Amino acid sequence: MTSCATTPSTLPFSPLRRVSPFHPTRFLNSPFPRPSISRRGFSCHVAVSSDISSSVTSEEEAEAAAKIGKKVRVTVPLKVYHVMKIPDLDLCGLEGAIKQYVAIWKGKRITANLPFKVEFLIPVEGQDKPVKVLAHLREDEFEYVD
Amino acid sequence: MATQATFLGSTLLSPKLDSSLRRSNRLKTRAQVDPSDKSVEIMRKFSEQYARKSGTYFCVDKGVTSVVIKGLADHKDSLGAPLCPCRHYDDKAAEVGQGFWNCPCVPMRERKECHCMLFLTPDNDFAGQEQTITLDEIKEATSKL
């Protein structure tokens with residue numbers, strides 16, 4: 001019989017349970033007919049290993065790699081606040097190039113919801129060189145520029 | 001064979017012994033160990049400082065702020081970095097290594113979007129007026145959990 005060892009990976013403060021749902025004594029005081037439990041007890045197989053779900057296929061990696069370097073234009077109003085030289089920057093309509101696909105890291109899948117890291121070169125008044133801005137975008141926030 | 005014996009044994013238990021069994025099971029399914037006070041203090045100070053720096057405010061309900069700070073402290077203790085406590089991850093170690101969700105996460109840094117409701121922009125309906133929270137407030141709010 002496999003022991004059910006599920007490690008919660010959501011919020012760390014799960015509510016307390018009175019009795020484990022997998023313990024046979026749960027059925028002792030139930031008014032309903034007991035379910036027929038096999039004499040061997042319960043067996044539950046839980047996918048504990050994270051390797052299977054988080055490793056990426058070579059196809060996905062190739063797909064991601066193909067997008068790097070492509071020119072894109074932002075199609076939605078998007079304010080960013082992390083650029084020191086331009087405090088309140090709206091990227092809508094600006095063009096840049098995809099620098100990285102961050103949802104794949106060392107062959108593993110990352111749950112980043114803004115996976116495209118795009119580099120913009122934005123001219124600033126009083127400066128010869130344009131300012132380099134890196135921003136993370138979703139797929140539906142930009143379009144490819146030919 | 002051992003499991004079979006245990007199973008059969010438990011069905012023949014008297015109600016008294018059975019209830020004590022259930023009590024011990026209750027203890028076994030308790031929530032995990034609290035984060036260390038040091039980590040909570042570190043994340044509390046970080047939260048205050050980052051709220052000031054980013055011009056954001058804590059939630060009107062400080063219980064929300066407290067739970068998030070505790071969650072950050074917990075991840076800092078267990079993973080070495082304060083991974084966002086309000087998300088589900090397949091591989092926490094990889095997430096820490098890559099850094100997208102290390103607090104302050106990328107959406108917060110770039111767009112001032114904190115879905116944990118730890119850092120709220122002034123226009124947010126739930127934003128309070130404060131950028132500070134004491135350790136006592138955190139302990140009191142999270143003691144009821």
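Only this structure's heavy atoms are used, side chains among them; waters, hydrogens and symmetry mates stay out. Since the model is a prediction, treat every value here as computed from it, not as a measurement.
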Verdict with supporting geometry, A:T111 and B:H88, side chain to side chain contact (heavy atoms under 4.5 Å, CB included): CA-CA 8 Å; A:T111 60; B:H88 173 77; over 6 Å; no
Criterion side chain to side chain contact (heavy atoms under 4.5 Å, CB included) on B:D90 and A:R109, from CA distance to verdict: CA-CA 8 Å; B:D90 288 329; A:R109 200 168 287 127; 5.6 Å; no
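- For B:E110 (side chain) and A:H136 (main-chain N/O), a donor-acceptor pair under 3.5 Å exists by modelled atom type.
- Using a 4.5 Å cut-off between side-chain heavy atoms of Ile, Leu, Val, Met, Phe, Trp and Tyr, with links allowed through other members, B:V106 and B:V96 fall into the same hydrophobic cluster.
- Both A:V102 and A:L114 belong to a single network of hydrophobic side chains, linked directly or stepwise wherever heavy atoms of I, L, V, M, F, W or Y lie under 4.5 Å apart.
- Salt-bridge annotation for B:E95 and A:K106: absent, with no side-chain N of the basic residue lying under 4.0 Å from a carboxylate O of the acidic one.
- Proximity to chain A involves both the backbone and the side chain of B:R111, based on heavy atoms less than 4.5 angstrom apart.
- Counting heavy-atom neighbours within 6.0 Å of B:Q129 CD, excluding the residue itself, gives a total of 12 or less.
- Both the backbone and the side chain of A:L137 come within contact range of chain B, with heavy atoms under 4.5 Å apart.
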Acceptor/donor pairs from residues 115-128 of chain B side chains to any protein atom, 3.5 angstrom cut, sequence neighbours excluded:
| unit_1 | atom_1 | unit_2 | atom_2 | d |
| --- | --- | --- | --- | --- |
| B:T121 | OG1 | B:D123 | OD1 | 2.8 |
| B:N124 | OD1 | B:F126 | N | 2.9 |

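- Taking A:E61 as the reference, nothing meets the salt bridge (Lys or Arg N to Asp or Glu O under 4.0 Å) condition, with sequence neighbours excluded.
- Take A:K71 and apply the salt bridge (Lys or Arg N to Asp or Glu O under 4.0 Å) test, not counting sequence neighbours, and it matches no residue.
- Only the side chain of A:L78 has a heavy atom closer than 4.5 Å to any heavy atom of chain B.
- Taking CD1 of A:I110 as the reference point, atom OH of B:Y89 lies at 10.5 Å (rounded to 0.5 Å).
- Linking Ile, Leu, Val, Met, Phe, Trp and Tyr residues whenever their side-chain heavy atoms come within less than 4.5 Å leaves B:F46 and B:L83 in two separate clusters.
- Per-residue heavy-atom pair counts under 4.5 Å with chain A were compared for B:A93, B:G99, B:P107, B:G97, and the maximum is reached by B:G97.
- Contacts between residues 48-55 of chain B and chain A, counted as heavy-atom pairs separated by less than 4.5 Å, involve no residue at all.
- Cluster annotation: A:V118 is connected to A:I104 through the hydrophobic network of ILVMFWY side chains, with a link wherever side-chain heavy atoms come within less than 4.5 Å.
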Verdict with reasoning, B:R87 to A:N113, per side chain to side chain contact (heavy atoms under 4.5 Å, CB included): CA-CA 11 Å; B:R87 293 191 61 88; A:N113 56 4; 4.2 Å; yes
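- Residue A:I122 is grouped with residue A:F116 when hydrophobic side chains (ILVMFWY) are merged at heavy-atom distances under 4.5 angstrom, including chains of intermediate members.
- Under a cut-off of 6.0 angstrom, the local environment of CD in A:E59 is sparse, with at most 12 non-hydrogen atoms contributed by other residues, nucleotides or ligands.
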